[in-house]
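Notes for the one structure printed next.
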2 protein chains.
Amino acid sequence: MESQMPRRLAAYDWDDLRFFLAVARTGTLRGGAESIQANHATVSRRLAAFENAVEARLFDRTKGGLRLTQLGEELLPHALRVEEEIAAASRVVAGRDARPAGPIYVSIPPFLALSSIVDDFAEFGRQFEDIDIHLQVSNAFADLERREADVSIRYAYEVIDDVVGRRLVRCSKAVYCSADYAVKIKDDGGDGLTWVGWNEAEGETTAPWVIKGPFPNARLRHRINEAVPQVTLAAAGAGLTYLPCFIGDRYPGLVRAPYQKPVPDRSLWLLLHSDLRKTARIRMFVDFLAHRIKSRKDEFVAGATQ
Amino acid sequence: MESQMPRRLAAYDWDDLRFFLAVARTGTLRGGAESIQANHATVSRRLAAFENAVEARLFDRTKGGLRLTQLGEELLPHALRVEEEIAAASRVVAGRDARPAGPIYVSIPPFLALSSIVDDFAEFGRQFEDIDIHLQVSNAFADLERREADVSIRYAYEVIDDVVGRRLVRCSKAVYCSADYAVKIKDDGGDGLTWVGWNEAEGETTAPWVIKGPFPNARLRHRINEAVPQVTLAAAGAGLTYLPCFIGDRYPGLVRAPYQKPVPDRSLWLLLHSDLRKTARIRMFVDFLAHRIKSRKDEFVAGATQ
DNA sequence: ACATGTTGGTTCATTTTTGAACCACTGGAA
DNA sequence: TTCCAGTGGTTCAAAAATGAACCAACATGT
């Protein structure tokens, strides 16, 4: 966690960003100073010190004001986000979170971006206009541990971390393929067919899930360590693939392969740190999402027949 | 921009977060002090000052170290994100951005979350593992102006801001409805049918786009100021709705209504501030996305027939 | 031409922050 | 026990940051 941070990070005084921002906004030293209740001489010095640390000019000084340089412009968005983050922090300490506002950082694996859950995000954003949803699309389970995300949505059998996990629904999976491909399937165990699967142990087609599945004779030819291209490949007619029903049923061009039934799969988990349970907007979001998803339980659990 | 910030924001010294973080990580004053090359007395005082400003304890002092309190735990993720943001800023100034890493903030309107563009995000995240994509789902065009996002993707006719806009593709729209609904449609101008449309001027069914469209006799009954529920409503069989083809063709359960052809619609724009053109990871992302989307041009422009 | 109200820059006495040294205390090892 | 290596807390002289006052330069309106 430390080694990845540049050594020079410590060289900066984070408070300098506050001065930088004040000047960037007002365009003058005096105006910026007033906006943060400081002296313009102080602002000038802090700015000079910051520029010295950066070893570059952040503003062009002109009579009549300061204008951001190229580098200053590039720095501005970062400074703004720092400010937003600190504002969110101050809301936490002030307990003003009772009136929910601010950002929520949600970490999801890429394939969930193909699910109806994104609709829920949209709906939430509509109902709570003062809350911005930041989706962090990543497979890294670690986001939550490192506390970079407030909420994490995962698709897994169990959750072991020291986080608060709510199991939303136990999902089903089924074998999917393109509509064109489906007509080629006979009730013969998958002779001549192709699997699109994961990069697992090089057990050729002897992988247990192949043998135990409804199409043991199909060959595992496409091995991909990521769900999204599996979906797109299958939709393009490359072969059979196991997908959670709430993905496969939704993705255009995919149909459930005949001669099989959905089987139980992993669960959808809503994870957050126990310390965040109290903050209003996180609670709001978690409850909202849990309610919406559970109310569409059929979409995820997908019984024996569609 | 100022009024929405709490007054107390100015009361904090942002640099205190750096001390807070150092102690939170190491668990001791002296360790924290060493990690940021400061004296443990200084760390102690800064921490005390911060706690004083917050008017609450952030750590429990015990012989042998400091442990975060509830509030401290809640503050930690914000402090971590501030640090990440400052690290990104320092990468910018150090020019280390040549080896792309760090966060990219992308602002998109909710309905684009239903498009294939999310697949591109997933693919990008796969190819550049050191870059995290933060999707900010929002209709607010202002995100870019306020510089809270690095890149903004919009669906519009023209772009007027002082931003660098790349027109990716000029898209087509068409009338969509559920498959069930489609069989009820005859070549009679839409008699007895229902429109799902926007909250526009209360011109009843006399809206120009209704009259000029392929189904002038259909009634505008559902008025929604948001695209996503229009999609879901139409998919549920509530009626006809205009959608960009790259949404409608993709959404399960929707089909193009008969007796009509796609017509030109707005364009997909990729927007970013000119100052960001140089930073490596942003450039990387923009080029990647532009290339991917343009290579699937047919999906968006969708000629007269499917 | 001439005030007037800006701007950023500079100076210097004052205030604030800092770090070295010290203290008291604890827990484990010798 | 005795010692030692760790804690966090406190003190005080030294260092650094600050703000009021002043300066020169540039606009603008009289």
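So you know, we letter chains A, B, ... as the sequences are listed, proteins then strands, and number each from 1.
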[X] [atom1] - [N] [atom2] separation (whole Å):
{"X": "D13(A)", "N": "dA16(D)", "atom1": "CG", "atom2": "C1'", "value": "12 Å"}
{"X": "R45(A)", "N": "dT16(C)", "atom1": "CZ", "atom2": "P", "value": "15 Å"}
{"X": "L47(B)", "N": "dT10(D)", "atom1": "CG", "atom2": "P", "value": "14 Å"}
{"X": "R67(B)", "N": "dT7(D)", "atom1": "CZ", "atom2": "P", "value": "15 Å"}
{"X": "D15(B)", "N": "dA17(D)", "atom1": "CG", "atom2": "P", "value": "11 Å"}
{"X": "Q37(A)", "N": "dA20(D)", "atom1": "CD", "atom2": "P", "value": "12 Å"}
{"X": "I36(B)", "N": "dG19(C)", "atom1": "CD1", "atom2": "P", "value": "9 Å"}
{"X": "N39(A)", "N": "dT10(C)", "atom1": "CG", "atom2": "P", "value": "15 Å"}

Check every atom of [options] against the side chain of [X] and return the nucleotide holding the closest atom.
{"X": "R30(B)", "options": "dG9(D), dA17(D), dG19(C)", "value": "dG9(D)"}
{"X": "L66(B)", "options": "dG8(D), dG8(C), dA20(D)", "value": "dG8(D)"}
{"X": "A41(B)", "options": "dG19(C), dT18(C), dG8(C)", "value": "dG19(C)"}
{"X": "L29(A)", "options": "dG8(D), dG8(C), dG19(D)", "value": "dG8(C)"}
{"X": "H40(A)", "options": "dG9(D), dC12(D), dG8(C)", "value": "dG8(C)"}

Can [X] and [Y] be counted as an ion pair, charged N to O under 4.0 angstrom?
{"X": "R46(B)", "Y": "D15(B)", "answer": "yes"}
{"X": "R81(A)", "Y": "D150(B)", "answer": "yes"}
{"X": "E51(A)", "Y": "R61(A)", "answer": "yes"}

Do T28(B) and V23(B) touch side chain to side chain, with heavy atoms closer than 4.5 Å? no
Sub-4.5 Å side-chain heavy-atom contact between F285(A) and V151(A): yes
Check the phosphate of dG8(C) against S44(A), side-chain N and O only, distance under 4.0 Å to OP1 or OP2. Yes or no? no
With sugar-phosphate meaning primed atoms plus P, OP1 and OP2, does R46(A) contact a base, only sugar-phosphate, or nothing at under 4.0 Å between heavy atoms?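 Touches sugar-phosphate only.
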